[in-house]
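See below for the structure under consideration.
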There are 2 protein chains.
Amino acid sequence: MPERERGRRLTIADVAKHAGVSKGAVSFALNGRPGVAPATRQRILEVAEELGWTPSQAARGLSVKRAFALGLVIARDPVLLGSDPFFPAFIAGVETVMAERSHSLVLQVVRDAEEEAEGYRRLARDRRVDGVFLTDLRRRDPRLKLLDDLAIPAVTLNVPDEESPHPAARLDHEPGIAQAVDHLVAQGHTNLAHVAGPEEYVHGHGRREAFQKALERHGLPPGRVEAADFTAAGGREATQRLLNTTERPTAIVYANDLMAIAGMNVAQQLGIDVPGELSVTGYDDTELAAHIHPGLTTVRTNVFAWGQVAAHMLVSLVEGNVVADVELEPPELVVRGSTSTPSTRKGQRT
Amino acid sequence: MPERERGRRLTIADVAKHAGVSKGAVSFALNGRPGVAPATRQRILEVAEELGWTPSQAARGLSVKRAFALGLVIARDPVLLGSDPFFPAFIAGVETVMAERSHSLVLQVVRDAEEEAEGYRRLARDRRVDGVFLTDLRRRDPRLKLLDDLAIPAVTLNVPDEESPHPAARLDHEPGIAQAVDHLVAQGHTNLAHVAGPEEYVHGHGRREAFQKALERHGLPPGRVEAADFTAAGGREATQRLLNTTERPTAIVYANDLMAIAGMNVAQQLGIDVPGELSVTGYDDTELAAHIHPGLTTVRTNVFAWGQVAAHMLVSLVEGNVVADVELEPPELVVRGSTSTPSTRKGQRT
DNA sequence: TTGTAAGCGTTATCAA
DNA sequence: TTGATAACGCTTACAA
């Protein structure tokens, strides 16, 4: 027998030898399965603890055909991604449940849809992950079929616009936008506009629909909608288009904070007082929202909880359980200084 | 022989059988090693391609004792993390080099230093990663020793303040801050202040030092420094403290954009014209910087490239090579509307 | 140049 | 209840 090298990795065999049992017994003891006497189990666990041994995930995975990892592929321009508060909070939430189950998160950041598909394929082929999160759902999202073909379990964030075999962690946009509109209407606004996210995204589209639906509920005619792309630049331009009209709105509901902040700046730059002549609302409640002037009235969602729920679902799913959709608490409107009663509109035809 | 199940995973044995060779030959062919005839190699690769087979990373890893994954542990309040443009861009950069080498990135987001240490320990114990990135370096960072104890290869982002066994991917703060100060001094400012990040961070401390050093270089007395924490709230408060003095500065150099934007808003709220009565500069060049009014003069760093370089270094390191520090291109000052010649200072004693 | 067989560190199976 | 022993899918000596 070769002399044991000093730096050699500790294996289950070492633990077994020290405890005077077989490898199988150690495995059983560690995984808390019946078939090992309480006293023996206790001793085994003590030895493992003492030696500081933990099973190798690679070996474990090879045996049980699991990776003990979940995947997240993010397709977005890195620059834009940097100003999106969603992912960090989501990942942090995911993390809390994965950590306690010794799972880990494999992350990929790619630039476009093509690379994205390739990313999922790689994850599946290499058996790097047991399941994936599907975020930034698009309308008629091709990834639904792709993941089905790859036979890789998935949980979607919110509900796809077509039949989906994957369970969804739902946090509806509708109530948030509805609250924003309600708030503005209650203050006396009747001429509202919406700066929307891209129509191709389920959430972009959904918030737009929610906006119109809310107006309709109040008996107001459809509001003007300017399509944008969730970027500051896009929000800026959309706002300029909205404000360069004779019958300009007294309130703008933005699909996210970034566009709202950029838009608010445009208005101020044009000499339009916020909220005196123009009320604005955002969506996300980013950190800056509370610290600009005036503070941004916006919709706060619990993204952290969303991550936790989605992770729970996905872990359960990959363990072979049937998982139903889970609905999260509706978002909450945070009222700050950017919204108020519409003024006498002295500036309307400026 | 049992009938082959339909959904069974493709293995190297299948490829070997189809190609009429041994498993070993397939392995050699795939990993591009000598010892297999060109024609045979060609045939093997074709069969693999045709069957769509890729080696299982778990099995491969078990054999070669590698995880083919790199780790990143981020310790930060998720809320704050959401407004930090650094990580997404960094990760995107890392990703580009990992993808082409079939490595993957394991990410952990934790709340504090304690959880962070635990995260590294878990990663090491489970052999989940072959190496880690060390970001957000702190002064006298205890992780340096921890990683050394865990015997896990690491690359640090920038240079620790004490002896470090790990190679560093360097992107100095100094030139960026120096450029900002130079720019302001060139415009005639002599009373500059700095809103700093936390002293405990190497970059917080470093930018502060760089600020004073730049003033000294211009023969100016040390500037006033207000400590903050990189958050909008912190930037806001620090700015208030700076502006509530009789001899208030004509220019403020912020350690990041978030604080700068919040600070600019404070000034405007107090009726102080930016840049007329107060010039401000940021650091990061976040998306919003270009889309607020006035546009924020700020320091742009190529974080994406930083990620690429760090990933290259770490991959090389875990492959057993000796890796030297690498220095990235210095950051660049982006001049926008928030800086200008100091006015006659009519508002000084307001 | 090719095939055979022995690891890698688990879990699972099956006698004892 | 226990302890060999065989997978798991790959890499890699070593033999042919």
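Naming: A, B, ... by sequence-line order, numbering from 1 per chain.
- If you measure from atom CG of B:Asp14 to atom P of D:dC8, you get 11 Å, rounded to the nearest angstrom.
- If you check residues 50-63 of chain B against DNA chain C, the residues with a heavy atom closer than 4.0 Å are B:Leu62, B:Ser63, listed by number.
- A:Leu30 places a side-chain heavy atom less than 4.5 Å from the side chain of A:Pro55.
- Under a cut-off of 6.0 angstrom, the local environment of CZ in B:Arg101 is crowded, with over 12 non-hydrogen atoms contributed by other residues, nucleotides or ligands.
- Between A:Val26 and B:Val36, the residue anchored closer to the 5' end of DNA chain C is B:Val36, taking for each the nucleotide with the nearest heavy atom.
- For the side-chain hydrogen bond (donor to acceptor under 3.5 Å, both in side chains) test with A:Ser104, the passing option among B:Arg128, B:Gln108, B:Arg122 is B:Arg128; the others fail.
- In this structure, A:Arg66 atom CZ and C:dT11 atom C1' are separated by 13 Å, rounded to whole Å.
- Under the 3.5 Å distance criterion, with hydrogens and angles disregarded, no donor-acceptor pair is assigned to the side chains of A:Asp126 and B:Thr54.
- Nucleic acid contact class of A:Arg33 (heavy atoms, under 4.0 Å, all strands): sugar-phosphate only.
- Taking atom CZ on A:Arg41 and atom P on D:dG3, their separation rounds to 14 Å, with Å as the unit.
- Taking the six-membered ring where the residue is Trp, A:Phe87 and A:Phe90 present perpendicular rings, their angle passing 60° and hence far from 30°.
- Within the 4.0 Å cut-off from OP1 or OP2 of D:dT11, not a single side-chain nitrogen or oxygen of B:Lys65 is found.
- Listed for the A:Gln42 side chain is no donor-acceptor partner under 3.5 Å among the backbone atoms of A:Pro38.
- Among the nucleotides C:dT2, D:dT11, C:dT10, the one closest to the side chain of B:Ile12 is D:dT11.
- Between A:Thr40 and D:dT2 there is a side-chain polar atom (N or O) within less than 4.0 angstrom of OP1 or OP2.
- A donor atom on one side chain and an acceptor atom on the other are not found under 3.5 Å apart for B:Arg127 and A:Ser56.
- Picking from C:dT10, D:dT12, D:dG3 the nucleotide with the shortest atom distance to the side chain of B:Val64 gives D:dT12.
- Checked by distance alone, B:Lys23 brings no side-chain donor or acceptor within 3.5 Å of a matching partner on the base of C:dT4.
- Note: CZ (B:Phe28) to C1' (D:dA13) measures 8 Å, nearest angstrom.
- Separating the CZ atom of A:Arg125 from the C1' atom of D:dC10 is a distance of 16 Å, rounded to the nearest angstrom.
- In this structure, A:Lys17 places its NZ atom 19 Å from C1' of D:dT2, rounding to the nearest Å.
- A:Ala25 comes within 4.0 angstrom of nothing in the nucleic acid, heavy atoms only.
- Rounding to whole angstrom units, CZ of residue B:Arg43 and C1' of C:dT2 are separated by 11 Å.
- Going from atom CZ of A:Phe68 over to atom C1' of C:dT11 covers 10 Å, rounded to whole Å.
- OP1 or OP2 of D:dT11 sits under 4.0 Å from a side-chain N or O of B:Ser27.
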